[in-house]
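We're numbering straight along the sequence, starting at 1.
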Amino acid sequence: MSQAKGVALVTGAGQNIGRALAVQLARDGFDVVVNGLSNRVAADETGNMVRAEGREAVIAMGDTGKPDDCAAMVAAAAPLGDVSVLVHNAAVRPAAPFLETSEADWTRVMDINLSGGVWLARAVLPAMVAKGWGRIVLFAGMNAIHGYNGRAATSVSKHGLWGLAKSLGKEFGARGITTNIVSPGPIASEHADPEMRAHIEGMKSRVPVGRLGQPAEVASMVSLLVSEQGGFINGQMLQVNGGAET
């Protein structure tokens, strides 16, 4: 096995876009820390897919809404090396009218989606600064950016991540560390919830290219952002949405 380019930590990597991200980063030469919240079987499957690409994989189950779990995910990379690429893909998107959203649900969304990005960045940045190189990629979403009807907490959390990406890009860019945020459009995904599957399929009419996107197409954008060739892209929102209006 050739020497790895570095170590990538991907949150929410058990399925769909997260799994595609982990596999693509393995193809790009990175060993991968695969994070999942509760489905260890799915995380193991992703880890095996990473290994099939000739790279090492470590499974780090944990909740991005908890600072100690975030620190443990980063620490799990130790057998492979320091994390040089962070991709925070994990998110929750509960649906409820604004006036009916409970305090617990609001806090949960903020913890996992937004604060998780903060805790993870704080955990990986010291090693990135010491090396003078690093890549942080956060995730938003087309609907989150122009506003969710019935998912205000999601929209607020994702806007917060956008602010985090812009701020970290300015603070750490001169140290060789770029931070960007990717906003996918309607992406063909596996979901247990039939309403969610129908919702995604129903968005196809909004996409000028006439189809849903594929997880691998989102992963290709992240591949560019974490590469040397992507080093002049910093503090930006990159949309992968087939031309759908935002």
Side-chain angles (χ1 to χ4, degrees), residues 1-93 112-113 116-117 119-125 127-128 131 133-139 182 184 187-193 196 213-227 240:
M1 182 182 295
S2 62
Q3 184 175 359
K5 286 185 178 180
V7 180
L9 165 58
V10 182
T11 67
Q15 62 179 352
N16 298 325
I17 292 175
R19 174 171 286 177
L21 293 168
V23 172
Q24 181 61 57
L25 289 166
R27 289 173 181 160
D28 291 339
F30 293 93
D31 292 332
V32 182
V33 178
V34 176
N35 162 254
L37 175 60
S38 58
N39 191 338
R40 176 65 191 236
V41 172
D44 283 337
E45 289 174 353
T46 300
N48 288 335
M49 295 172 75
V50 167
R51 297 181 188 104
E53 297 294 335
R55 300 304 339 154
E56 298 288 349
V58 169
I59 311 303
M61 305 301 290
D63 186 341
T64 62
K66 298 178 179 179
D68 289 347
D69 281 18
C70 290
M73 292 173 210
V74 175
L80 306 177
D82 294 323
V83 173
S84 52
V85 171
L86 166 64
V87 184
H88 179 38
N89 164 72
V92 292
R93 304 172 183 84
I112 290 177
N113 298 4
W119 310 138
L120 289 162
R122 288 170 65 92
V124 301
L125 274 166
M128 291 180 178
K131 289 185 176 181
W133 195 94
R135 298 287 188 264
I136 297 175
V137 182
L138 308 174
F139 267 75
V182 172
I187 304 297
S189 305
E190 296 179 6
H191 287 279
D193 182 356
M196 179 58 74
Q214 296 296 318
E217 293 176 304
V218 180
S220 292
M221 173 61 78
V222 174
S223 178
L224 170 63
L225 293 176
V226 305
S227 69
V240 185

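- Of all heavy-atom pairs spanning G6 and S84, the tightest one is CA-OG, 3.6 Å.
- Within the model, atoms OG1 of T64 and CG of L120 stand 6.5 Å from one another, a figure rounded to the nearest 0.5 Å.
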Please evaluate residues L86 and V74 with respect to the criterion side chain to side chain contact (heavy atoms under 4.5 Å, CB included), reporting the C-alpha separation (whole Å), side-chain torsions for both, the decisive distance (0.1 Å), and the verdict. CA-CA 9 Å; L86 166 64; V74 175; over 6 Å; no

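- The side-chain heavy atoms of V85 and K5, taken from C-beta on, include no pair separated by under 4.5 Å.
- The line from CE of M128 to CD1 of I136 is 5.0 Å long, rounded to the nearest 0.5 Å.
- To the nearest 0.5 Å, the span separating CE on M73 from CH2 on W119 amounts to 13.0 Å.
- Scored by the side chain to side chain contact (heavy atoms under 4.5 Å, CB included) test, A91 finds R93, N113, K158 as partners (sequence neighbours excluded).
- Judged by distance alone, with hydrogens and angles left aside, the side-chain atoms of R19 form a donor-acceptor pair with the main-chain N or O of A42 at under 3.5 Å.
- The minimum heavy-atom distance linking G65 with D63 is given by the pair N-OD1, 2.8 Å.
- Residues meeting the side chain to side chain donor-acceptor pair (under 3.5 Å) test with N89, sequence neighbours left out: none.
- Counting only distance, with no hydrogens or angles, the side chain of R55 and the backbone of V32 share no donor-acceptor pair below 3.5 Å.
- N35 places a side-chain N or O within donor-acceptor distance of the main-chain N or O of G62, the cut-off being under 3.5 Å.
- The side-chain heavy atoms of N16 and I187, taken from C-beta on, include no pair separated by under 4.5 Å.
- Listed by chain and residue number, nothing satisfies the side chain to side chain donor-acceptor pair (under 3.5 Å) test with Q214 (two or more places apart in sequence, or in another chain).
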